[in-house]
2 protein chains.
Amino acid sequence: MGATKTDHFTDSQNELAVLAKALGHPARIAIMEYLLKVDACICGDIVNELPLSQPTVSQHLKELKNAGLIKGNIEGNAICYCINEPGLEKIKGFFEHISNHLAKKRNECC
Amino acid sequence: MGATKTDHFTDSQNELAVLAKALGHPARIAIMEYLLKVDACICGDIVNELPLSQPTVSQHLKELKNAGLIKGNIEGNAICYCINEPGLEKIKGFFEHISNHLAKKRNECC
DNA sequence: AAACTATATCGTAATATTGCAATATAGAAA
DNA sequence: TTTCTATATTGCAATATTACGATATAGTTT
(Lines give C-alpha, C1' and ligand atoms only; values in the text may rest on other atoms or scores of the structure.)
Protein backbone atom coordinates (compact mmCIF):
# COMPACT_ATOMS: atom_id res chain seq x y z
CA MET A 1 0.00 0.00 0.00
CA GLY A 2 0.93 3.61 -0.25
CA ALA A 3 1.81 3.46 -3.91
CA THR A 4 -0.70 4.62 -6.49
CA LYS A 5 -2.11 1.71 -8.49
CA THR A 6 -1.42 3.27 -11.87
CA ASP A 7 -1.68 -0.05 -13.70
CA HIS A 8 -5.37 -0.24 -12.89
CA PHE A 9 -6.16 2.89 -14.85
CA THR A 10 -5.96 3.90 -18.50
CA ASP A 11 -2.93 5.63 -20.00
CA SER A 12 -4.99 8.72 -20.55
CA GLN A 13 -6.12 8.81 -16.95
CA ASN A 14 -2.57 8.35 -15.72
CA GLU A 15 -1.23 11.02 -18.06
CA LEU A 16 -3.80 13.57 -16.95
CA ALA A 17 -3.12 12.71 -13.32
CA VAL A 18 0.61 13.26 -13.82
CA LEU A 19 -0.02 16.66 -15.39
CA ALA A 20 -2.46 17.69 -12.67
CA LYS A 21 -0.23 16.41 -9.91
CA ALA A 22 2.67 18.44 -11.26
CA LEU A 23 0.57 21.55 -10.74
CA GLY A 24 -0.58 20.39 -7.33
CA HIS A 25 1.88 22.60 -5.49
CA PRO A 26 1.72 26.38 -5.14
CA ALA A 27 5.40 26.76 -5.98
CA ARG A 28 4.83 25.05 -9.29
CA ILE A 29 1.77 27.18 -10.02
CA ALA A 30 3.95 30.21 -9.20
CA ILE A 31 6.64 29.01 -11.60
CA MET A 32 4.13 28.63 -14.41
CA GLU A 33 2.70 32.07 -13.70
CA TYR A 34 6.14 33.61 -13.67
CA LEU A 35 7.12 31.94 -16.92
CA LEU A 36 3.98 33.39 -18.40
CA LYS A 37 4.48 36.86 -16.92
CA VAL A 38 7.95 37.43 -18.29
CA ASP A 39 6.67 36.31 -21.64
CA ALA A 40 9.92 34.63 -22.55
CA CYS A 41 12.24 31.95 -21.40
CA ILE A 42 13.67 32.40 -18.00
CA CYS A 43 17.39 32.14 -17.66
CA GLY A 44 18.46 32.38 -14.12
CA ASP A 45 16.14 34.32 -11.89
CA ILE A 46 13.51 31.80 -10.94
CA VAL A 47 15.13 31.05 -7.61
CA ASN A 48 15.00 34.73 -6.61
CA GLU A 49 11.31 34.85 -7.40
CA LEU A 50 10.33 32.06 -5.05
CA PRO A 51 10.41 31.81 -1.27
CA LEU A 52 12.26 28.52 -1.41
CA SER A 53 15.86 27.41 -1.47
CA GLN A 54 17.73 26.76 -4.70
CA PRO A 55 17.69 22.95 -4.38
CA THR A 56 13.97 22.97 -3.70
CA VAL A 57 13.23 25.17 -6.69
CA SER A 58 15.43 22.98 -8.86
CA GLN A 59 13.41 19.97 -7.75
CA HIS A 60 10.11 21.66 -8.57
CA LEU A 61 11.42 22.61 -12.01
CA LYS A 62 12.42 19.02 -12.56
CA GLU A 63 8.93 17.81 -11.74
CA LEU A 64 7.30 20.26 -14.11
CA LYS A 65 9.75 19.19 -16.78
CA ASN A 66 9.16 15.48 -16.18
CA ALA A 67 5.43 16.03 -16.45
CA GLY A 68 5.93 17.82 -19.76
CA LEU A 69 4.66 21.21 -18.67
CA ILE A 70 7.90 23.10 -19.17
CA LYS A 71 11.05 22.55 -21.18
CA GLY A 72 14.60 23.65 -20.48
CA ASN A 73 17.44 24.48 -22.82
CA ILE A 74 21.02 24.96 -21.75
CA GLU A 75 21.95 28.53 -22.57
CA GLY A 76 25.62 29.02 -21.85
CA ASN A 77 26.00 29.09 -18.13
CA ALA A 78 22.32 29.28 -17.22
CA ILE A 79 19.38 27.11 -18.18
CA CYS A 80 16.53 28.56 -20.11
CA TYR A 81 13.06 27.38 -19.07
CA CYS A 82 9.78 27.98 -20.77
CA ILE A 83 6.29 26.56 -20.97
CA ASN A 84 5.87 23.44 -23.06
CA GLU A 85 2.70 23.98 -25.02
CA PRO A 86 1.74 20.37 -25.88
CA GLY A 87 1.62 19.39 -22.22
CA LEU A 88 -0.41 22.42 -21.37
CA GLU A 89 -2.86 21.86 -24.20
CA LYS A 90 -3.42 18.29 -23.10
CA ILE A 91 -4.63 19.16 -19.65
CA LYS A 92 -6.46 22.24 -20.87
CA GLY A 93 -8.34 19.94 -23.26
CA PHE A 94 -9.48 17.79 -20.37
CA PHE A 95 -11.14 20.72 -18.65
CA GLU A 96 -12.68 22.01 -21.84
CA HIS A 97 -14.05 18.56 -22.53
CA ILE A 98 -15.75 18.47 -19.14
CA SER A 99 -16.97 22.02 -19.43
CA ASN A 100 -18.47 21.41 -22.86
CA HIS A 101 -20.31 18.33 -21.69
CA LEU A 102 -21.70 20.14 -18.69
CA ALA A 103 -22.88 23.01 -20.85
CA LYS A 104 -24.75 20.64 -23.13
CA LYS A 105 -26.58 18.68 -20.50
CA ARG A 106 -27.59 21.05 -17.75
CA ASN A 107 -27.39 19.40 -14.37
CA GLU A 108 -30.79 17.97 -13.69
CA CYS A 109 -30.20 16.78 -10.20
CA CYS A 110 -28.24 18.13 -7.20
CA MET B 1 10.34 20.17 6.54
CA GLY B 2 8.09 17.99 4.47
CA ALA B 3 5.07 20.23 4.73
CA THR B 4 4.18 22.52 1.87
CA LYS B 5 4.88 26.16 2.73
CA THR B 6 1.47 27.41 1.69
CA ASP B 7 1.80 30.64 3.65
CA HIS B 8 4.55 31.80 1.32
CA PHE B 9 2.27 31.82 -1.70
CA THR B 10 -0.80 33.78 -2.72
CA ASP B 11 -4.34 32.58 -2.03
CA SER B 12 -4.91 32.17 -5.72
CA GLN B 13 -1.81 30.03 -6.13
CA ASN B 14 -2.79 27.86 -3.19
CA GLU B 15 -6.36 27.49 -4.45
CA LEU B 16 -5.24 26.42 -7.89
CA ALA B 17 -2.74 24.00 -6.39
CA VAL B 18 -5.46 22.42 -4.25
CA LEU B 19 -7.68 21.94 -7.29
CA ALA B 20 -4.85 20.52 -9.39
CA LYS B 21 -3.67 18.28 -6.60
CA ALA B 22 -7.15 16.85 -6.20
CA LEU B 23 -6.96 15.71 -9.80
CA GLY B 24 -3.42 14.41 -9.39
CA HIS B 25 -4.51 10.83 -9.02
CA PRO B 26 -5.83 8.56 -11.77
CA ALA B 27 -8.70 7.32 -9.60
CA ARG B 28 -9.91 10.88 -9.18
CA ILE B 29 -9.59 11.57 -12.89
CA ALA B 30 -11.61 8.38 -13.45
CA ILE B 31 -14.28 9.55 -11.02
CA MET B 32 -14.63 12.86 -12.84
CA GLU B 33 -14.82 11.10 -16.19
CA TYR B 34 -17.45 8.74 -14.90
CA LEU B 35 -19.53 11.53 -13.44
CA LEU B 36 -19.39 13.17 -16.83
CA LYS B 37 -20.17 10.00 -18.76
CA VAL B 38 -23.35 9.15 -16.94
CA ASP B 39 -24.46 12.72 -17.42
CA ALA B 40 -26.22 12.86 -14.10
CA CYS B 41 -25.57 12.48 -10.45
CA ILE B 42 -24.25 9.19 -9.37
CA CYS B 43 -26.04 7.47 -6.60
CA GLY B 44 -24.32 4.31 -5.56
CA ASP B 45 -22.30 2.70 -8.28
CA ILE B 46 -19.01 4.56 -8.19
CA VAL B 47 -17.31 1.87 -6.14
CA ASN B 48 -18.15 -0.80 -8.72
CA GLU B 49 -16.64 1.32 -11.46
CA LEU B 50 -13.22 1.60 -9.85
CA PRO B 51 -10.54 -1.01 -9.16
CA LEU B 52 -10.24 0.08 -5.56
CA SER B 53 -11.88 -0.85 -2.28
CA GLN B 54 -14.88 0.97 -0.94
CA PRO B 55 -12.98 2.87 1.79
CA THR B 56 -10.38 4.00 -0.73
CA VAL B 57 -13.00 5.26 -3.16
CA SER B 58 -14.79 7.02 -0.33
CA GLN B 59 -11.55 8.77 0.54
CA HIS B 60 -10.96 9.89 -3.04
CA LEU B 61 -14.51 11.23 -3.23
CA LYS B 62 -13.90 13.16 -0.04
CA GLU B 63 -10.80 14.77 -1.48
CA LEU B 64 -12.58 15.83 -4.64
CA LYS B 65 -15.37 17.24 -2.51
CA ASN B 66 -12.99 19.11 -0.21
CA ALA B 67 -11.26 20.64 -3.20
CA GLY B 68 -14.62 21.80 -4.53
CA LEU B 69 -14.62 19.73 -7.70
CA ILE B 70 -17.66 17.63 -6.86
CA LYS B 71 -20.61 17.99 -4.55
CA GLY B 72 -22.66 15.36 -2.80
CA ASN B 73 -26.27 15.33 -1.69
CA ILE B 74 -27.81 12.74 0.55
CA GLU B 75 -30.47 10.98 -1.47
CA GLY B 76 -32.29 8.57 0.78
CA ASN B 77 -29.95 5.70 1.47
CA ALA B 78 -27.30 6.53 -1.10
CA ILE B 79 -25.33 9.70 -1.68
CA CYS B 80 -25.65 11.53 -4.91
CA TYR B 81 -22.44 12.96 -6.33
CA CYS B 82 -21.98 15.28 -9.25
CA ILE B 83 -19.50 17.73 -10.67
CA ASN B 84 -19.32 21.12 -8.98
CA GLU B 85 -19.10 23.61 -11.80
CA PRO B 86 -17.57 26.61 -9.99
CA GLY B 87 -14.54 24.60 -8.93
CA LEU B 88 -14.12 23.23 -12.39
CA GLU B 89 -14.42 26.63 -14.02
CA LYS B 90 -11.78 28.06 -11.75
CA ILE B 91 -9.08 25.65 -12.78
CA LYS B 92 -10.23 25.64 -16.39
CA GLY B 93 -9.79 29.41 -16.34
CA PHE B 94 -6.20 29.04 -15.25
CA PHE B 95 -5.34 26.94 -18.28
CA GLU B 96 -7.23 29.18 -20.65
CA HIS B 97 -5.40 32.17 -19.23
CA ILE B 98 -2.06 30.56 -19.93
CA SER B 99 -3.10 29.35 -23.33
CA ASN B 100 -4.36 32.79 -24.37
CA HIS B 101 -1.13 34.44 -23.30
CA LEU B 102 0.95 31.93 -25.18
CA ALA B 103 -1.14 32.41 -28.31
CA LYS B 104 -0.60 36.16 -28.19
CA LYS B 105 3.12 36.17 -27.74
CA ARG B 106 4.59 33.35 -29.80
CA ASN B 107 7.53 31.78 -28.03
CA GLU B 108 10.59 33.53 -29.33
CA CYS B 109 13.20 31.44 -27.63
CA CYS B 110 13.53 27.72 -26.86
C1' DA C 1 44.50 27.33 -13.88
C1' DA C 2 41.73 29.48 -10.16
C1' DA C 3 37.73 31.75 -8.75
C1' DC C 4 33.05 32.67 -9.68
C1' DT C 5 28.23 31.68 -11.06
C1' DA C 6 24.23 28.87 -12.05
C1' DT C 7 22.04 24.70 -11.66
C1' DA C 8 21.67 19.75 -10.36
C1' DT C 9 22.08 15.83 -7.29
C1' DC C 10 22.58 13.42 -2.82
C1' DG C 11 21.22 12.46 1.67
C1' DT C 12 18.03 12.86 5.07
C1' DA C 13 14.29 14.45 8.22
C1' DA C 14 9.49 15.86 8.51
C1' DT C 15 5.16 15.33 6.67
C1' DA C 16 1.55 13.71 3.39
C1' DT C 17 -0.68 10.31 0.53
C1' DT C 18 -2.39 5.81 -0.70
C1' DG C 19 -4.76 1.71 0.27
C1' DC C 20 -7.39 -1.44 2.86
C1' DA C 21 -9.37 -4.26 6.85
C1' DA C 22 -12.21 -3.40 10.51
C1' DT C 23 -15.68 -0.83 12.26
C1' DA C 24 -19.16 2.85 12.61
C1' DT C 25 -23.26 5.23 10.93
C1' DA C 26 -27.68 5.71 9.11
C1' DG C 27 -31.56 5.12 6.22
C1' DA C 28 -34.55 1.24 3.96
C1' DA C 29 -36.76 -2.99 4.03
C1' DA C 30 -38.40 -6.91 6.28
C1' DT D 1 -36.87 -3.98 15.92
C1' DT D 2 -33.85 -6.68 13.27
C1' DT D 3 -31.58 -7.07 9.03
C1' DC D 4 -29.84 -5.22 4.88
C1' DT D 5 -27.47 -1.85 2.08
C1' DA D 6 -24.66 2.18 1.19
C1' DT D 7 -21.34 5.19 2.67
C1' DA D 8 -18.03 7.14 6.11
C1' DT D 9 -14.43 6.87 9.60
C1' DT D 10 -10.58 4.84 12.10
C1' DG D 11 -6.15 2.87 12.39
C1' DC D 12 -2.19 1.52 10.39
C1' DA D 13 1.52 0.07 7.11
C1' DA D 14 3.84 1.21 2.77
C1' DT D 15 5.22 4.68 -0.09
C1' DA D 16 5.70 9.49 -1.86
C1' DT D 17 6.46 14.39 -1.33
C1' DT D 18 8.58 18.49 0.49
C1' DA D 19 12.41 21.02 1.96
C1' DC D 20 17.11 22.07 2.55
C1' DG D 21 22.26 21.67 3.74
C1' DA D 22 26.08 19.87 1.62
C1' DT D 23 28.19 18.80 -2.38
C1' DA D 24 28.79 17.99 -7.35
C1' DT D 25 28.88 19.67 -12.10
C1' DA D 26 29.83 22.69 -15.66
C1' DG D 27 30.30 26.87 -18.08
C1' DT D 28 32.45 31.89 -17.54
C1' DT D 29 35.48 35.06 -16.16
C1' DT D 30 39.75 36.65 -14.49
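Letters go in sequence order (proteins before strands), and every chain restarts at 1.
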Asks: Specify the separation, in whole Å, of atom CG of A:Leu23 and atom C1' of D:dT17.
Replies: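 After rounding, the gap between these two atoms is 16 Å.
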Asks: Figure out the CD1/P separation between A:Ile31 and D:dA19, and round it to whole Å.
Replies: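 Value for this atom pair: 11 Å.
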Asks: Which part of the nucleic acid, if any, lies within reach of A:Glu63 when heavy atoms closer than 4.0 Å are counted: base, sugar-phosphate only, or nothing?
Replies: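 Counting heavy atoms under 4.0 Å across all strands, the contact made by A:Glu63 is with sugar-phosphate only.
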Asks: Rounding to an integer number of Å, can you tell me how far B:Gln59 CD sits from D:dT10 C1'?
Replies: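 Whole-Å distance recorded here is 11 Å.
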Asks: Find the distance A:Ile70:CD1 to C:dA8:C1' and express it as a whole number of Å.
Replies: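 For the pair A:Ile70 CD1 and C:dA8 C1', the rounded distance is 14 Å.
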Asks: Is there, by distance only and without an angle test, a donor paired with an acceptor across the side chain of B:Gln54 and the base of D:dA8 below 3.5 Å?
Replies: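 Indeed there is one.
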Asks: With a 3.5 Å distance limit and no angle check, can you tell me whether A:Gln13 reaches the backbone of A:Thr10 through a side-chain donor-acceptor pair?
Replies: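 Yes, the answer is positive, given that a donor and an acceptor are paired below the 3.5 Å cut-off.
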Asks: Please tell me which of A:Lys65 and B:His25 maps to the more 5' nucleotide of DNA chain C, matching each residue to the nucleotide holding its nearest heavy atom.
Replies: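 Mapping each residue to its closest nucleotide by heavy atoms, the 5'-most match is A:Lys65.
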Asks: Keeping B:Asn84 on the side-chain end and B:Lys71 on the backbone end, is there a donor-acceptor pair under 3.5 Å?
Replies: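 Answer holds: no.
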Asks: For A:Thr56 and D:dA19, is the shortest distance between a side-chain N/O and OP1 or OP2 below 4.0 Å?
Replies: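 For D:dA19, neither OP1 nor OP2 has a side-chain N or O of A:Thr56 closer than 4.0 Å.
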Asks: Hey, is the side chain of B:Lys62 poking within less than 4.0 Å of OP1 or OP2 on D:dT7, counting only N and O atoms?
Replies: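 Looking at the OP1 and OP2 atoms of D:dT7, neither is under 4.0 Å from any side-chain N or O of B:Lys62.
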Asks: Using whole Å, what does the distance between atom C1' of nucleotide D:dT18 and atom CD1 of A:Ile29 come to?
Replies: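 In whole Å, D:dT18 C1' and A:Ile29 CD1 are 16 Å from each other.
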Asks: Pick the closest DNA chain D nucleotide for A:Lys21 and for A:Ser53 by heavy atoms, then say which residue is nearer the 5' end.
Replies: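 First, find each residue's nearest nucleotide; the 5'-ward one identifies A:Lys21.
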Asks: Think A:Tyr81 has a side-chain N or O under 4.0 angstrom from the OP1 or OP2 of C:dA8?
Replies: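 Indeed, a polar side-chain atom of A:Tyr81 lies that close.
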Asks: Can you identify which nucleotide, out of C:dA16, C:dA22, D:dT18, has its nearest atom closest to the B:Ala3 side chain?
Replies: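 Closest of the options to the side chain of B:Ala3: C:dA16.
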Asks: Using the rule that Ile, Leu, Val, Met, Phe, Trp and Tyr join whenever any side-chain heavy atoms are under 4.5 Å apart, tell me whether B:Val18 and A:Ile29 fall into a single cluster.
Replies: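 No.
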Asks: Could you please name the option among D:dA19, C:dA8, C:dC20 that lies closest to any side-chain atom of A:Ser58?
Replies: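 Within the option list, the nearest is C:dA8.
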Asks: Taking the nucleotide of DNA chain D with the closest heavy atom to each, which residue, B:Leu61 or A:Pro55, is nearer the 5' end?
Replies: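 Nearer the 5' end of the strand: B:Leu61.
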Asks: Should the ring pair B:Phe9 and A:His25 be called parallel, tilted or perpendicular, given that the plane angle runs from 0 to 90° and is split at 30 and 60?
Replies: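 Ring orientation, 0 to 90° scale: perpendicular.
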Asks: How close or far is atom P of C:dT18 from atom NE2 of B:His60, stated in whole angstroms?
Replies: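 In whole Å, C:dT18 P lies 6 Å from B:His60 NE2.
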Asks: Scan side-chain atoms only and decide if B:Gln59 and B:Thr56 contain a donor-acceptor pair under the 3.5 Å cut-off.
Replies: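 No - no donor-acceptor pair under 3.5 Å links their side chains.
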Asks: Take the protein atom NZ of A:Lys5 and the nucleotide atom P of D:dA16, then report the distance between them rounded to whole Å.
Replies: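 Distance check: A:Lys5 NZ to D:dA16 P gives 14 Å.
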Asks: When the distance from CG of A:Asn73 to P of C:dT7 is rounded to whole Å, what number comes out?
Replies: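 So the CG-P distance, A:Asn73 to C:dT7, works out to 13 Å.
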